[in-house]
> 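Structure in structure tokens, see below.
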Amino acid sequence: MTRGLSRESRQGLTLIGLPFGFALIMLAAPLAMVITFSFWTQNYLDIDRTLTLANYQEVFSQPIYQTLLWRSLRISVIVTVVTVVLAFPIAYYLSFHVKRNKALWLFLITVPFWTSYLLRVFLWKVILGYNGVLNTALLEIGLIREPLTFILYNANAVVLTLAHAWAPFAILPIFVALEKIDRSLLEAAEDLGDGPFRRFWRITFPLAIPGVVAATLIVLIPTVGDFITPRLVGGTDGLMIANMIQIQFGKANNAPLGAALAVTSMVVVALISIAIYLVGRKIGGRVAR
Amino acid sequence: MSVFKPIIELRDVRKSFGTFEALKGINATIEEGEFFSLLGPSGCGKTTLLRMIAGFEPPTGGDIIIDGKSMDGISANRRPTNMVFQSYAIFPHLSVADNVGYGLKTKKLPKAEIKREVDKALSMVDLVGYGNRAAHELSGGQRQRVALARALVMRPKVILLDEPLSALDKKLRDQMQMELRDLQKTLGITFILVTHDQEEALIMSDRIAVMFEGQIAQLATPEELYRRPATKRVASFIGVMNFLDAAATSHDAAGLTLDIAALGKVTLPASAIPPNVHPSQITKVGIRPEMLTLLFDHDDRAEKEITGEVVSSDYYGDMTYYSVQLPQLASPVTISMRNTAGRSIAAPGSPVRVGWGTESVVLFE
Ligand SMILES: Nc1ncnc2c1ncn2[C@@H]1O[C@H](COP(=O)(O)OP(=O)(O)OP(=O)(O)O)[C@@H](O)[C@H]1O
Ligand SMILES: [Mg+2]
């Protein structure tokens, strides 16, 4: 994130130049289409190609869209915070306390990914359902008298499912950042009088910030736009902006409005990501890598 | 400095890694204000011993006493020692000033005082005005100075240095050796230096502990180490030494008579025999290259003389090292000569007179 890293990433960019160009075309074309669509209008199946801001006006005037966008952001921020906060100790343990078989541990962390995302969301449904694994177990041991209902078909279930799904993506970048820390820096800090707690906040954490920022962005960006999880475990209270976009493109037959919603949420996410990156760079200080 | 006060006492300090014994009972007393070096080949346990003094590794046996207190169970952050790491371990996310002031901040000193102390330490290591630089904007030598300033500013009882100069080029290393030595003498802080460079240890130290395989082979002043190495191994580790077969023929109050291969019989005065040497067990003696002389001119004289033949010569600018074959010896001996004005270099194959004296002979255990 400073001069040293940008040289590294420039080399990287040269290497991935070709696939990058391919991805750019495959991304740029649909993106251009979505943006164009957002300035058109649709009446049932007829597309009116006159440019207009009507869709954006609707997005910003109808409370439902703002509610959904806010909820999406709130859920994804909570998911990100929960995931990163839980991932950090795991990555820390892996990096500092596992002496042998680190590779095996990393491998084990990826085990949940051997099944599809959809299947894993379904599994959470089975676990959290009214007659699900969790409720049955709690009823059996007498901890509850009636099945818990606040655990499925609401925002909590969405947070839980997404946090579980994205955990490895948060663990890995933090782990890599921690692995990169020269252990003699920690000894030097101790030598200069720091106990473990002070040392963590003055050396380990600041040097891990690039990893934490990466983890935050990796989890935050895709979760804002997730639609499978809210659809399957979110109920009506847990629906997110992506579900609305899907409805507009599908049942509602209003692709231009869907496109405007997509562009709006994309811009919002981009702004948030840039802000996180800048804040991370500021507190990460002058880390030369 | 007439009153010596021990600052560090190592009492039968041991360290094992699994079944491997890295340190096999180290005993030493280090005086306050002393420049003490741990010298030995790679893997002999120097770093391990230094890290145990610093508190990064617990000993598996024995006791380390610093300033009169046993360090058993005392962690590194509570010891009156500070370390200069081989890699320097400069905190990459902090400026030079924040690096140097790191430990003072832990001590909760007021900001103004930290700044004053940091400036003072930076001027001690000749880095005035570098406070705002980032760590990656420094050269190797400058990083080394920052690491030193960061330790100095804490005013510890002892500064531990693990091969601090090994990453620098020769010229800078020579300069830093002098600077380190001067700084240590001015401040009077005890320095313990780990090095595998015998020249560095000889130049800088008040005393040197020569270590082999987890044990101290000899602990002495540089001069004593050079002139009276306790064992053959120490003798060959410190400087260059010619070894010649020898045996004692008689030993009485008058002295010790030795029969040395190629050189013949010589009687050493009783005072020249170190107490740890048992004359009956002598099988080899040593002679330093500079204690042998090539007698170029006809009227050059020495206490004793022998004739040999030059095998080869290596020219070092100020010195020339000759390989000279002496009669009855399996391999040639090394002789060093200063290249004074008007002295030519003897060509290989030419016969030479080699001068030596009873003072040249070094005895070992
Ligand atoms: N953590 C460890 N685990 C196992 N063996 C170790 C460990 N640390 C050191 N050793 C062993 O102990 C011995 C002494 O190591 P040490 O690092 O003290 O050597 P050294 O004298 O500093 O050598 P060098 O000049 O190469 O730095 C070596 O044989 C080394 O392999
Ligand atoms: Mg070492």
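To find a chain, count down the sequence lines: A is the first, B the second, and so on, and within it residues start at 1. For the numbers below, each heavy atom of this structure counts, side chains included, while hydrogens, waters and symmetry mates do not.
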> State the CZ-OH distance between A:Arg198 and B:Tyr102, to the nearest 0.5 angstrom.
7.0 Å
> Nearest 0.5 Å, what's the OG-CD distance between B:Ser87 and A:Glu187?
9.0 Å
> Is there side-chain contact between B:Phe85 and A:Asp182, with at least one heavy-atom pair below 4.5 Å?
no
> Would the number of heavy atoms belonging to other residues, nucleotides or ligands and lying under 6.0 Å from OH of A:Tyr117 be above 12?
yes
> Heavy-atom pairs under 4.5 Å with chain A: which of B:Arg78, B:Arg150, B:Gln86 has the most?
B:Arg150
> Go through B:Asn82, B:Val84, B:Leu160, B:Val153 and name the one with the most non-hydrogen pairs under 4.5 angstrom from chain A.
B:Asn82
> How about CZ on A:Phe20, more than 12 heavy atoms from neighbouring residues, nucleotides or ligands closer than 6.0 Å, or not?
no
> Is the number of heavy atoms from other residues, nucleotides or ligands under 6.0 Å of B:Asp12 CG greater than 12?
yes
> Drop me the distance from B:Tyr88's OH to A:Leu185's CG, to the nearest 0.5 angstrom.
14.5 Å
> Does A:Leu108 CG have over 12 foreign heavy atoms under 6.0 Å away?
yes
> Counting only heavy atoms not in A:Lys102, do more than 12 fall under 6.0 Å of its NZ?
yes
> Where do B:Thr106 and A:Gly193 come nearest, in terms of heavy atoms and distance?
CG2-O, 3.4 Å
> Under 6.0 Å from the CZ atom of B:Arg155, do we count more than 12 heavy atoms belonging to anything else shown?
no
> Do A:Asp191 and B:Arg79 have side chains that get closer than 4.5 Å, going by heavy atoms?
no
> Under 6.0 Å from the CZ atom of A:Arg183, do we count more than 12 heavy atoms belonging to anything else shown?
yes
> With heavy-atom distances below 4.5 Å as the criterion, would you say the side chains of B:Asn77 and A:Asp194 are in contact?
no
> Does the side chain of A:Arg202 come within less than 4.5 Å of B:Lys105's, by heavy atoms?
yes
> For a 4.5 angstrom cut-off between non-hydrogen side-chain atoms, does B:Leu94 reach A:Pro206?
no
> Sort B:Met83 into side chain, backbone, both or neither according to what part of it lies under 4.5 angstrom from a heavy atom of chain A.
both
> Is it the backbone or the side chain of B:Phe56 that comes under 4.5 Å from a heavy atom of chain A, or both, or neither?
side chain
